[in-house]
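Data first, discussion second: the structure below is written as structure tokens.
All ligand and atom numbering here is 1-based and tracks the order in the structure.
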Amino acid sequence: MVDELLKETERLIEERPLAREALTAFRDLAALMAEETPRMKGAPVDERLQDIKREEGFPLFARTDLPVDLDSAALLLEKFLTTLQTRERSDREGLETALRACEKDENWSRNLFSIALNNDQEALVDIAGGVNLEAQTLKFLAQMALTPSIHALRDLYAPQIDTDAWDYRYCPFCGSLPSISFFDKTGKRYMHCELCGLEWRFPRLKCPFCSNDDHKNLGYFDVENHEGFRVDFCRQCGHYIKAVDKRVFEKTGPMELENLATLHLDILAAKEGFK
Ligand SMILES: [Zn+2]
Ligand SMILES: [Zn+2]
């Protein structure tokens, strides 16, 4: 699985020069993730409770209740920082400071993981500022460090989740919002979870951020020379989501990679005033 991911990353690095920097960093981290085997702390889910949750539209877990292996994530974060600070990056010093913070006090990374899972933007800016890193960079590293553990849990519970019968804008497994979306080969629309990577079916004409389905307030734009990619936006809440149309491509990369390989679309969307 990770070998495949690494191969796909290499392919996209060649194909998408604009995203080379983001993808190269991802490749370095994915190679380290491949070595990590998190402990599984999954517990059997009470089926009746699960039925109730599904009917009421609750995800199986809240982000903060995910039984992740924090020891393994902390170890991985240290490996990430150790590797990345040897690269030619403008934030090398910040990465080194973060590494020292991890080594000095194990609570530092625990606190960071809890902030990332809580989606606490203010605390994130604070802790990132303390080590002189961009908040987005630190959040990305924390999420990547948690990924092997979260993916293992997701795979354990996925057979119990009907991703075609879930009509909500957040992930049926972990309750997170989508990071990117896609149309499959038959034109069905799917959302890709920003945290656990689960993909669930979603109506074609509906905003995944505010549930607005008034087509007059929904729209999209695409980019010249980038057939197969577009940005869907909602005028009601001002949010946007990128979409990959798989019908246009013989092969697409895993969505977490496509998300990184289409950063130019995020820049365009921001210029258009969407968030
Ligand atoms: Zn999820
Ligand atoms: Zn909206």
Any N/O/S atom of Cys210 sitting less than 2.8 Å from the Zn ion (ligand 2), backbone or side chain? yes
Please list all pairs meeting side chain to side chain donor-acceptor pair (under 3.5 Å) that have one or both residues in residues 205-219, counting only residues at least two apart or in different chains. none
For the metal site, I want the angle between atom SG of Cys193 and atom SG of Cys174 with the Zn ion (ligand 1) at the apex, to 10°. 100°
In this structure, the Zn ion (ligand 1) sits at the vertex of an angle between SG of Cys171 and SG of Cys196 that rounds to 10° as 100°
Whether Phe182 and Tyr190 hold their rings parallel, tilted or perpendicular, with breakpoints at 30° and 60°: parallel
When you check the gap from the basic side-chain N to the acidic O, do Glu96 and Arg92 get nearer than 4.0 Å? no
Please name the pair of heavy atoms, one in Gly253 and one in Glu258, separated by the smallest distance, quoted to 0.1 Å. N-OE2, 2.9 Å
SG (Cys237) to the Zn ion (ligand 2) to SG (Cys234), nearest 10°, is 110°
